[in-house]
Amino acid sequence: MERGDKEQENLSRLEQAAQQTADPKTMQQKATKGPEEKLRFSLRKKDVWWTVGLAAAALLLFGIQVLINWRLDWLDVPLRLRVMNYVKGGLLIFIMLTVANVIEVFLIGRIPNRVSRFNLKRIFRLVVVVAIVFVAISVLFVNWYAAFVSLGLISLILGFALQMPISSFIAWIYILARAPYRVGDRIRIGDAHGDVIDVSYLDTTLWEFGGEYLWTDHPSGRIIKFPNSTVFDTPVFNYSWPLFPYVWNEIKFQLAYESDLEFVARTMREVVEEQVGDIMNQKVKIYKHILSNTPVDELEVKEHPVVHFRVSENTWLEAIVRYLVPPKEAGRTKTRLIKEMLARMNAEPDRVLFPKSNLR
């Protein structure tokens, strides 16, 4: 009973860590750390200079306001009122920017969840921009009725002209709320494959992997941009979804019927066990735990590498080993496993009969 409680506690910790990152290694590190582990906050010089600069601009405008009030005879009344209105508006804007920068650096910057920190910064900046636009309109348009009429007509015209950007902005809110993908996830949407490096208000940027020039999952060196509204009508395949950022992969060999199939299966299984066995055992438990919380019937998912044989179309047997791997490490892991399997099976040429060069 005590062992089961401990295992359940470990699974819960892994799930909490998965909510904070899509990277399997980081997830494992967070899961093994104690609850007292906190984010190491570091203040950058750039943030300090921005805060000091914005505060200095606010102080300068405040000084101008004091100077105008002290020497009223410098400007005539209509001009003085207009200048004071602009100075007050500018002062309020720079105070808002200073406070916003402090909040973003010292409060939002301390949030340990990397994805939440990224999304909250985007939302907070949008709120700040809207507030600044509101202040600017208040300064420029003293007559609020005329301002609202003008904005209403402009909004009506722009509503027809900017349907796609508006739908992309709504899709951005949907992406934040429903999280079909997050920054750092590896996804496929339509013909685009890649790692998400940015989700802006209107579009998403992928760092492409694979592509038309590569058959592996290596980055191609290109980026892909698509409007956020694509998520409304295109399926999203997420290979790094937070609770289970792993995929099953296979390695296949063609063998002659006379091969020692028991030896082949044992060799392939042992190689995979040595490389990914412990990780696979633990992660499949997570997968089964997730399935148990859904209406889907629990499938027969093995916690260890499994080897299957099937008859190939070209009269050879196919030996297939299936294992679990992080999607971003699939290519490297497969290459390493193939080398080791071939080395062990080629050491027993009488037991493992591969296709000859002239019979392939």
Side-chain angles (χ1 to χ4, degrees), residues 38-155 157-158 162 165-166 168-169 172-173 176 183 197-205 225 228:
K38 296 183 178 179
L39 173 72
R40 292 184 178 179
F41 175 75
S42 59
L43 187 63
R44 299 179 300 175
K45 291 183 178 180
K46 178 183 177 181
D47 298 326
V48 175
W49 282 113
W50 266 107
T51 305
V52 172
L54 293 171
L59 287 174
L60 177 61
L61 290 174
F62 179 74
I64 294 174
Q65 181 180 352
V66 172
L67 182 61
I68 293 175
N69 288 329
W70 178 48
R71 300 297 300 270
L72 296 176
D73 56 337
W74 281 8
L75 302 171
D76 53 2
V77 177
L79 180 59
R80 185 174 69 246
L81 292 176
R82 191 180 308 122
V83 171
M84 284 295 292
N85 192 36
Y86 293 156
V87 170
K88 288 180 180 179
L91 176 61
L92 182 56
I93 288 175
F94 277 103
I95 290 176
M96 292 169 57
L97 288 174
T98 304
V99 174
N101 193 67
V102 171
I103 292 175
E104 183 174 316
V105 172
F106 293 97
L107 294 182
I108 300 178
R110 293 178 182 270
I111 297 176
N113 189 325
R114 179 176 63 91
V115 177
S116 297
R117 188 168 64 248
F118 177 87
N119 292 335
L120 190 57
K121 279 185 179 181
R122 279 291 167 85
I123 297 173
F124 182 68
R125 289 173 182 175
L126 179 62
V127 172
V128 172
V129 169
V130 171
I132 290 175
V133 171
F134 180 80
V135 172
I137 292 175
S138 302
V139 172
L140 296 175
F141 296 95
V142 179
N143 188 343
W144 275 95
Y145 178 77
F148 275 119
V149 170
S150 301
L151 287 176
L153 292 175
I154 294 174
S155 300
I157 296 172
L158 292 179
L162 302 177
I166 291 173
S168 289
F169 179 78
W172 172 72
I173 299 175
L176 294 185
V183 172
I197 60 176
D198 186 36
V199 182
S200 66
Y201 303 118
L202 299 180
D203 57 32
T204 296
T205 304
K225 282 185 176 288
N228 293 333

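Throughout, numbering of the chain's residues begins at 1 and tracks the sequence.
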Considering all heavy atoms of both residues, which atom of [X] and which atom of [Y] are nearest to each other, and what is their separation?
X	Y	result
Ala100	Val128	CB-CG2, 3.7 Å
Asn228	Ser168	CB-O, 3.3 Å
Lys225	Asp203	NZ-OD1, 4.0 Å
Arg125	Tyr201	CB-OH, 3.8 Å
Val199	Thr204	CG1-OG1, 4.0 Å

* **Neighbour count >12 (heavy atoms, 6.0 Å) for atom CZ, Phe124** =>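 Correct, the count exceeds 12.
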* To do: Could you check Ile123 against Trp172 for side chain to side chain contact (heavy atoms under 4.5 Å, CB included), going step by step and ending with a plain yes or no?
  => CA-CA 10 Å; Ile123 297 173; Trp172 172 72; 3.9 Å; yes
* To do: Applying side chain to side chain contact (heavy atoms under 4.5 Å, CB included), run through Leu54 and Trp50 and close with a yes or a no.
  => CA-CA 6 Å; Leu54 293 171; Trp50 266 107; 4.3 Å; yes
* Reported CD1-to-CE distance for the pair Ile103 and Met96, which is rounded to 0.5 angstrom ->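 Answer rounded to 0.5 Å: 10.5 Å.
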* **Distance-only polar pair, side chains of Thr98 and Asn101, donor-acceptor under 3.5 Å** =>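 No donor-acceptor contact under 3.5 Å links the two side chains.
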* To do: Please assess Ile64 against Leu91 for the test side chain to side chain contact (heavy atoms under 4.5 Å, CB included), listing each intermediate value before the final yes or no.
  => CA-CA 10 Å; Ile64 294 174; Leu91 176 61; over 6 Å; no
